[in-house]
Visitor: 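The structure's right below; bear with me while I get my questions together.
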Amino acid sequence: MIRTDVLIIGGGPAGLGAAIETTNRGLKTLLVEENPIYGGQLIKQTHKFFGSHSHFAGTRGIYIQDELLKEIKKEHFSMLPGHSAVGIYDDGVIGIYDSKKNRFKKVSAKKVIVATGASEKTIPFKNNDLPGIYGAGGVQTLMNVYGVLPGKKILMIGAGNIGLIVSYQLIQAGADVVGIVEALPKAGGYDVHLAKIRRMGVPVFFKHTIVEAFGQDSVEGALIVQIDNKWKHLNGTQMQLECDTICLAVGLTPSSEILMQTGIKMTFSPSLGGYVPVHNEFMQTSSPDYFVGGDAAGIGEATSAIIEGRLAGISASDSLGKEKNAEKAYKEHVDYIEKLRDGNTGIKVKKGKYELWNKPWDTSMETFEKKDNTIKIPKGRTKAYVSIECYEDIPCNPCEISCHFKAITVGPNITDLPMLALEKCTGCMSCLAQCPGLAIFGINKNLAPGRTGITIPYELLPLPEKGDPVWGADRDGKIICSARVEAVRKNKNKTHLITISVENEYAENVRHFYPGASGDVLICRCLDITADEINDAIDRGYTDFEELKRYLRVTTGPCQGRGCRQLIMNMIRAKTGEDVSSHSTGTPRPPESALPFSAFTKGGGK
Amino acid sequence: MKAAADVGIIGGGIIGSAIGYYLTKMGLKDIVLFEKDYLTSGCTGRCGGGIRQQWSTSDNVKLAKRSVELFEKYEDELDFDFEYIQQGYLILAFTDDEVRDFKKNVAMQKKHGLKVDLISPRQAKKIVPFLNTNDVLAATYCPTDGLANPFLTTFGYAERASEGGMTILRKTRVNSIERKGGSYRIRTDKGDCTVKYIVNAAGPWAQEAAKMIGYDIPVEPERHQILVTEPLERMVCPMVVDFYHGFYGSQEKRGGFVMGESDPSEPVSYKTSSHWKFVESISKKFTYLFPRFSNVKILRQWAGSYCVSPDAQPILGPISADDPNYFLAVGYSGHGFMLAPATGEAIAEWIVKGKPLTTDISHLTMERIEKGDYSQEYNVV
Amino acid sequence: MRIAKHPILDFKKQKRIPFYYNGEKIFGMTGDTIASALHDNGIMVYRVTDKSRKRGFFCAIGKCSSCMMKVDGIPNIKTCVTELKAGMHIECQKGKGSYK
Ligand SMILES: Cc1cc2nc3c(=O)[nH]c(=O)nc-3n(C[C@H](O)[C@H](O)[C@H](O)COP(=O)(O)OP(=O)(O)OC[C@H]3O[C@@H](n4cnc5c(N)ncnc54)[C@H](O)[C@@H]3O)c2cc1C
Ligand SMILES: Cc1cc2nc3c(=O)[nH]c(=O)nc-3n(C[C@H](O)[C@H](O)[C@H](O)COP(=O)(O)OP(=O)(O)OC[C@H]3O[C@@H](n4cnc5c(N)ncnc54)[C@H](O)[C@@H]3O)c2cc1C
Ligand code: FES
């Protein structure tokens, strides 16, 4: 029998958060985690998290578990990865299973904190068990933990945050997302996540659902159909999509089956995602020995999971008499979590929790006064500036913190929209790499005559190189103009900043780019000289045709410049804006076409 | 245009650029280079790119040898692939007189530390298997001689010199020069610039630039023709020089054979047109020396001017004791490209440090010409 | 397919290890689960149910049982949470699985 003060089940953000509080109060704490790797959902989240800067916002999920572990007092802590809690028996003993050694072990704990997270929902449709149909979590595990792509052409079902984020991660890993099917008329996930994949050209089929999957051994395609607001299929709108993987991201449901074994009170809450253990504001269940936190207590997000975990840890310590100033400790966390849930997405959870706590709910709390954060750019503005395209009350503020010039304000209510003080914005663009939503763009109207520089936060491979010709795409991912990469600023946090230039008229609309084809544009066929080489030479200062000719030898091949002279003159003009009509264009030399020596010798001799 | 500068260089050929490069390398920044057309628009733009150390005068050998030392380092130093290859020069003797002269030259060259040998026709054939050595009596061979691309070398100098502070004014012709106290006011078609030092690196136009302050220098332009063949796989062919028939030719790094000839009947002129007589005559010479290649195709022919001095050696240093700050770097007589590194260095030292330090060029000033005290360079094609 | 290059993640270089799928020798990497290694080899059908339905993995975290296979003679092993070891014999499971 293993004896401990506190047993924590689940090593995700909630479990780790709880361990911080209990170990720092000197309580002997054991954490069991089913997975061989701790971190829960975090280990698959390659994107940057929202939230308050002081609580890991702007940090990629995959790094957060290690940050949390640092705060845990190691001398009071032991962790057993690869161990799942399999039963809570009537004497209070908890059975755990060591999967590696295939051994059942028993734990006796004074208090138990359950932080077992969530499980994925699924939806019914024909052939929904065909190999190639995977849960979003499964897809994430396969690609982000094991480095294996689930497929090449993916159809995503669900446009909530998970569907949107996993679509983005699939594209990052090199897959093609053929579309996202969403039953609602609007994405459930944040606009910025939607915008991110939209501008990469992923079509979103709103008011659609999947009716069947087809394929011999595994998925080869899907049939989708449009639905009305009563979910009735509209005939004539059926559409077949070719794909080899169907990824289901249709929601999570709290997973606290183990607590049900103890007979504590459970309740069904649609706003919290399903059956949840009844718990108070400080995460204590109907039993004084069991605490709960994180997704297991209602589907939320990682930041609030950490806070809930911490609250559960403080509660457990409190009940063991290890908390002297409980009031204060609770208040700090309760206040923060309230703030996190102010916003169109969080408010659902808040409502669910208020119902649970029998706290009065006023429907006016569900509507938020939204500030207008659009700004007018004065005509004469020549300095670069940023365009903040964040119009939704996301609890998030790294942009504010990242600005060294205090040009961006979110304020104490982190669900408020960021406001830009244009006169303070220097165009330094530090905020671009920090915004977790990748929703800030840099605009430089003064890049070159007639051209605007657009700086885009970019997390895809391959990274372009300066000078690359690319295609500028609008917010729907539609190519609308040609563009050129002007700068590549690499960042340690892997959100790199790519500045492309487009003609001014496209500046308002271009928010993404696609790499141009990698093939070369050949200008001089005789000597294999490409447009890039010529443009580089012109950039290097060889703007005089004669110098350029001697630098690259263009026009000195057998065709004597017939094919390329004009093209090269045009390139010089295009780059320098100079009238090149006065340039010497080189002198074609005899012989007009290559002739052998023997033609001139009439038989040789001295 | 800058109203004033330390040094004004007239000419954006290999010589002007080399001097500019060495001046900036020695720390001088305030330099303006005037070029009436584009860089390499003069003689340099027509040049064959040969780099040879086998000369008949000590001074030429010394300068060429020092230049090769510098060329060997340029790829890194100039950060430029200037297509340098060291595949040797093979000079053929067809008469007893030539054999006698060659022996003398080799002895002198060896004294300067050059790795060079008088070899038999059989040895020559081993080096160039496709060469017709039937009438060859002997040959000299120096493996460190070579070839490079004069345009790219000029651009390399110019790029580095610009980084070092030199201003290059293209399409800017120097029309006249006025003495102004101890300085010179250079008048161009784009404005004036007053400088402390002038370097005349005007190639075939050197005489005009000297006349601008009232001197008549004994250099003359002389047309030389040249051609290049279609590029072929490289077969490591040293430059083959034949003074007897008046021929030189070699395969450049990009694969084309470049070749030219000397024509003693060529009159003094700025003419740079090409003549059919040249192709006919050189075709005979080439197919005689390289019968295997008679069906190789000629791609282009062109011509340029040598700036010829009385002794076929460059004229370097102050134009006269009265104008100690007006420097000449002229009269290269068809071998200015290969001498550019050492003479560029020497002139720059003279300006920056008061006298040339690395290579002794005291026999190459105007003085020798005025006194008529010089040794003739004979090894010219 | 193995993800060769990723803009955010650095996958540590792993060793190739051999194992057998239905008797045929194929390769996975150290650190793989059986499921991830099979998937990398393009094998998506892990078992065929009594009703002849083909199944691959689904949740990848050991919760749904979709991925059960016969491993070294033992049926009903959740391959998505079972670490791959060199020389393992993996078989596509037919029906409920047997110890034959
Ligand atoms: C695709 C996706 C994107 C997301 N993006 C964001 C985001 O940008 N920002 C944000 O704040 N949140 C985000 N979230 C949500 C966030 O990841 C979760 O809300 C958070 O991880 C919940 O934490 P948790 O500790 O409650 O549960 P989990 O992270 O799920 O951890 C639960 C742990 O318990 C273990 N466990 C379960 N049962 C047992 C058992 N019986 N015995 C032992 N161990 C057990 C599990 O293995 C797991 O490791 C995202 C979620 C997903 C799926
Ligand atoms: C056919 C041919 C083959 C050759 N082969 C070789 C060889 O193999 N090896 C070798 O070492 N050498 C060779 N040479 C010689 C070599 O090219 C020259 O010696 C060398 O290029 C001279 O360089 P430069 O800078 O003195 O002259 P140039 O290159 O002529 O430069 C002088 C510059 O001054 C400019 N200029 C003149 N007057 C004015 C003014 N008033 N204002 C502004 N600018 C002015 C001109 O426009 C010109 O660009 C060859 C020459 C020719 C013609
Ligand atoms: S895939 Fe769900 S248990 Fe393995």
Side-chain angles (χ1 to χ4, degrees), chain A residues 524-529 533-534 536-563 565 568-569 572 576 578-606, chain B residues 12 35 37-41 44-45 80 83 94 132 135 149-152 154-156 158-159 162 168 170-171 226-231 244-245 254 256-257 259 272-291 293-303:
Chain A
C524 166
R525 289 163 175 274
C526 296
L527 304 172
D528 259 7
I529 296 168
E533 289 175 87
I534 293 173
D536 283 352
I538 298 173
D539 283 346
R540 217 170 153 158
Y542 297 94
T543 54
D544 186 290
F545 182 84
E546 289 276 7
E547 283 184 19
L548 188 67
K549 163 181 151 189
R550 287 178 171 80
Y551 182 63
L552 290 177
R553 299 243 175 149
V554 279
T555 74
T556 67
C559 91
Q560 300 242 17
R562 276 187 198 87
R565 180 172 286 106
I568 296 168
M569 295 305 277
I572 298 177
T576 60
E578 234 176 77
D579 173 21
V580 287
S581 52
S582 65
H583 280 210
S584 154
T585 54
T587 325
R589 306 282 183 185
E592 166 89 11
S593 59
L595 296 179
F597 286 103
S598 50
F600 295 95
T601 55
K602 301 175 199 116
K606 276 196 196 181
Chain B
E35 168 52 57
D37 202 348
Y38 54 89
L39 297 184
T40 72
S41 62
T44 306
F80 224 91
E83 298 174 359
F94 288 86
N132 170 14
D135 306 319
N149 180 322
F151 321 140
L152 297 180
T154 307
F155 297 151
E159 282 193 12
S162 305
I168 300 176
R170 294 174 172 84
K171 312 257 183 245
I226 184 165
L227 68 74
V228 66
T229 71
E230 60 189 334
Y244 180 75
H245 301 97
R254 297 198 194 200
F257 283 92
M259 61 194 74
T272 56
S273 51
S274 314
H275 204 282
W276 54 267
K277 275 188 189 153
F278 163 70
V279 226
E280 275 196 359
S281 127
I282 200 162
S283 293
K284 284 202 183 101
K285 295 173 188 175
F286 180 70
T287 50
Y288 159 72
L289 287 169
F290 300 98
F293 295 148
S294 66
N295 285 322
V296 167
K297 290 187 276 308
I298 302 169
L299 202 54
R300 264 170 318 121
Q301 66 169 110
W302 69 94

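Chain letters run A, B, ... following the sequence lines, proteins first and then strands; every chain starts at 1.
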Visitor: Is it the backbone or the side chain of A/Leu552 that comes under 4.5 Å from a heavy atom of chain B, or both, or neither?
Guide: backbone
Visitor: Can you tell me how far CG of B/Asn149 sits from CZ of A/Arg553, rounded to the nearest 0.5 angstrom?
Guide: 5.0 Å
Visitor: Say you draw a straight line from OG of A/Ser598 to CZ of B/Phe293; how long is it, rounded to the nearest 0.5 Å?
Guide: 13.5 Å
Visitor: Any idea which of B/Phe286, B/Trp276, B/Trp302 has the most non-hydrogen atom pairs under 4.5 angstrom with chain A?
Guide: B/Phe286
Visitor: One pair to check against side-chain contact (heavy atoms from CB on, under 4.5 Å): A/Asp544 and B/Lys171. What are the steps and the verdict?
Guide: CA-CA 10 Å; A/Asp544 186 290; B/Lys171 312 257 183 245; 2.8 Å; yes
Visitor: Applying side-chain contact (heavy atoms from CB on, under 4.5 Å) to B/Thr154 and A/Glu547, what does each step give before you reach the verdict?
Guide: CA-CA 10 Å; B/Thr154 307; A/Glu547 283 184 19; over 6 Å; no
Visitor: Between B/Thr229 and chain A, which part of the residue has a heavy atom less than 4.5 Å away: side chain, backbone, both or neither?
Guide: side chain
Visitor: Of the backbone (N, CA, C, O) and the side chain (C-beta and beyond), which part of B/Gln301 lies under 4.5 Å from a heavy atom of chain A, both, or neither?
Guide: both
Visitor: Measure distances from B/Phe155 to the heavy atoms of chain A and classify the residue's part below 4.5 Å as side chain, backbone, both or neither.
Guide: both
Visitor: Name the region of B/Phe80, side chain, backbone, both or neither, that has any atom closer than 4.5 Å to a heavy atom of chain A.
Guide: side chain
Visitor: For B/Leu289, which atoms come within 4.5 Å of any heavy atom of chain A: side chain, backbone, both, or neither?
Guide: neither
Visitor: Start with the C-alpha gap between B/Tyr38 and A/Arg550, add the side-chain angles, then the distance that decides, and say whether side-chain contact (heavy atoms from CB on, under 4.5 Å) holds.
Guide: CA-CA 11 Å; B/Tyr38 54 89; A/Arg550 287 178 171 80; 3.1 Å; yes
Visitor: Begin with the C-alpha distance, continue with both residues' side-chain angles, and end with the deciding distance and a verdict on side-chain contact (heavy atoms from CB on, under 4.5 Å) for A/Tyr542 and B/Glu159.
Guide: CA-CA 10 Å; A/Tyr542 297 94; B/Glu159 282 193 12; 2.8 Å; yes
Visitor: What are the two closest non-hydrogen atoms of B/Ser294 and A/Pro596, and how far apart are they?
Guide: O-CB, 4.0 Å
Visitor: Hey, does A/Thr556 have a side-chain heavy atom less than 4.5 Å from the side chain of B/Arg254?
Guide: no
Visitor: So does A/Phe600 get a backbone contact from the side chain of B/Glu280, meaning a donor-acceptor N/O pair under 3.5 Å?
Guide: no
Visitor: Is the B/Phe290-A/Phe597 ring centre distance short of 6.0 angstrom?
Guide: no
Visitor: Is a side-chain donor or acceptor of A/Thr601 paired with a backbone partner of B/Lys284 at a separation under 3.5 angstrom?
Guide: no
Visitor: Between B/Asp37, B/Leu152, B/Val279, B/Val228, which shows the greatest number of heavy-atom pairs under 4.5 Å with chain A?
Guide: B/Val279
Visitor: Check A/Glu546 with B/Arg170, please: is the shortest side-chain N to carboxylate O separation under 4.0 Å?
Guide: no
